[in-house]
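Worksheet: the structure to be examined is printed underneath.
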Amino acid sequence: MNDPKAGRALSTRLDHRNPLVFDTHELGRRPGALQRLSRTVDAPRDLGIEGVIGVPEGASVEIELRLESVMDGVLVTGTARATAEGECVRCLEPVEFDLDADFQEMFSYPDSDDRGRSKAAADDEDEEGEDMTPLEDGLFDLEPVLRDAVVLALPMQPVCREDCAGLCSDCGANLNENPDHHHDVADIRWAALQGLAGSLGTDEKDNMSDAASGVDEKQEK
């Protein structure tokens, strides 16, 4: 019976000209070999939390990588630094967020390497090994890893400051700019009487005022 993985091929070929594609050939396959890389790239589209906060497309992203050759592949550890932009969830003002996203990912060697590691041996590995992303001709694409790291590093509900007062629920005024802002709320128990008083004559208003005074006196007692 043929293994369904045997004829599996990558749907796309990695392009070494892509700034988020890295080459591991100089690292070699000797376990313990290290390589450090630094690169500034333009942020890809939709890098962040859609509709909330993210790194603008084309903005600079500084990437620092540590590549380590291990038995099964290349362990990539790194940090991405950029400035994310969004909107305060309380007052809707623009916000900026200095992003430091740490990540680590294992990229596996092909089915057979120069140490004779066979495909059959790889099939016996646990699920963690199966989740590793394979290298393609010694190349790996950092973009999926970068996206996951950025989303985890960004606040789900960004605020312009921790004590942001937000907006007035009645008129939408920014309460940070006018902390004394408020609306006078009429007592609903007298709203109907006030409306009726506006349509009555002077004598009738006086009678209503006397009636209201009597109610107040009873309430005080």
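Keep in mind that the numbers below use all heavy atoms, side chains included, and drop hydrogens, waters and symmetry copies.
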Does the side chain of [X] reach to within under 4.5 Å of the side chain of [Y], using non-hydrogen atoms?
X	Y	result
L47	R147	yes
D98	T83	yes
P158	F97	no
V145	F107	yes
D72	S108	no
F140	E105	no
P31	M71	yes
L14	F22	no

Minimum heavy-atom separation for [X] to [Y], with atom names?
X	Y	value
P19	R39	O-NH1, 2.7 Å
M106	G73	CE-N, 3.5 Å
A80	V61	CB-CG1, 4.1 Å
Q35	D23	OE1-O, 4.5 Å
Y109	G28	OH-O, 3.8 Å
G54	L154	CA-CD1, 4.1 Å

So, does [X] use its side chain to make a donor-acceptor pair with the main chain of [Y] at under 3.5 Å?
X	Y	result
N176	A165	yes
R90	V159	no
D15	R17	yes

Other than L92, what residues sit in its cluster of Ile, Leu, Val, Met, Phe, Trp and Tyr side chains whose heavy atoms are under 4.5 Å apart, directly or through others?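 In the cluster with L92 are L167.
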Just do the side chain to side chain donor-acceptor pair (under 3.5 Å) check on E64 and S38 with the steps written out, would you? CA-CA 5 Å; E64 294 183 2; S38 296; 4.8 Å; no
Measuring from [X]:[atom1] to [Y]:[atom2], what's the distance to the nearest 0.5 Å?
X	Y	atom1	atom2	value
E96	I53	CD	CD1	9.5 Å
N174	C88	CG	SG	8.5 Å
L135	T24	CG	OG1	5.0 Å
C91	E177	SG	CD	8.5 Å
C168	H182	SG	NE2	10.5 Å

Looking only at side-chain N and O atoms, does T77 offer a donor or acceptor that is under 3.5 Å from a partner on Q104? yes
Membership question, hydrophobic clusters at under 4.5 Å side-chain separation (ILVMFWY): are V55 and M156 in the same one? yes
Linked, directly or transitively: V151 and V89 (ILVMFWY side chains, under 4.5 Å): no
So among L37, T79, L142, which one has a side-chain contact (heavy atoms from CB on, under 4.5 Å) with I63? L142
Sorted by chain and number, sequence neighbours left out, side chain to side chain donor-acceptor pair (under 3.5 Å) with H181 holds for H183
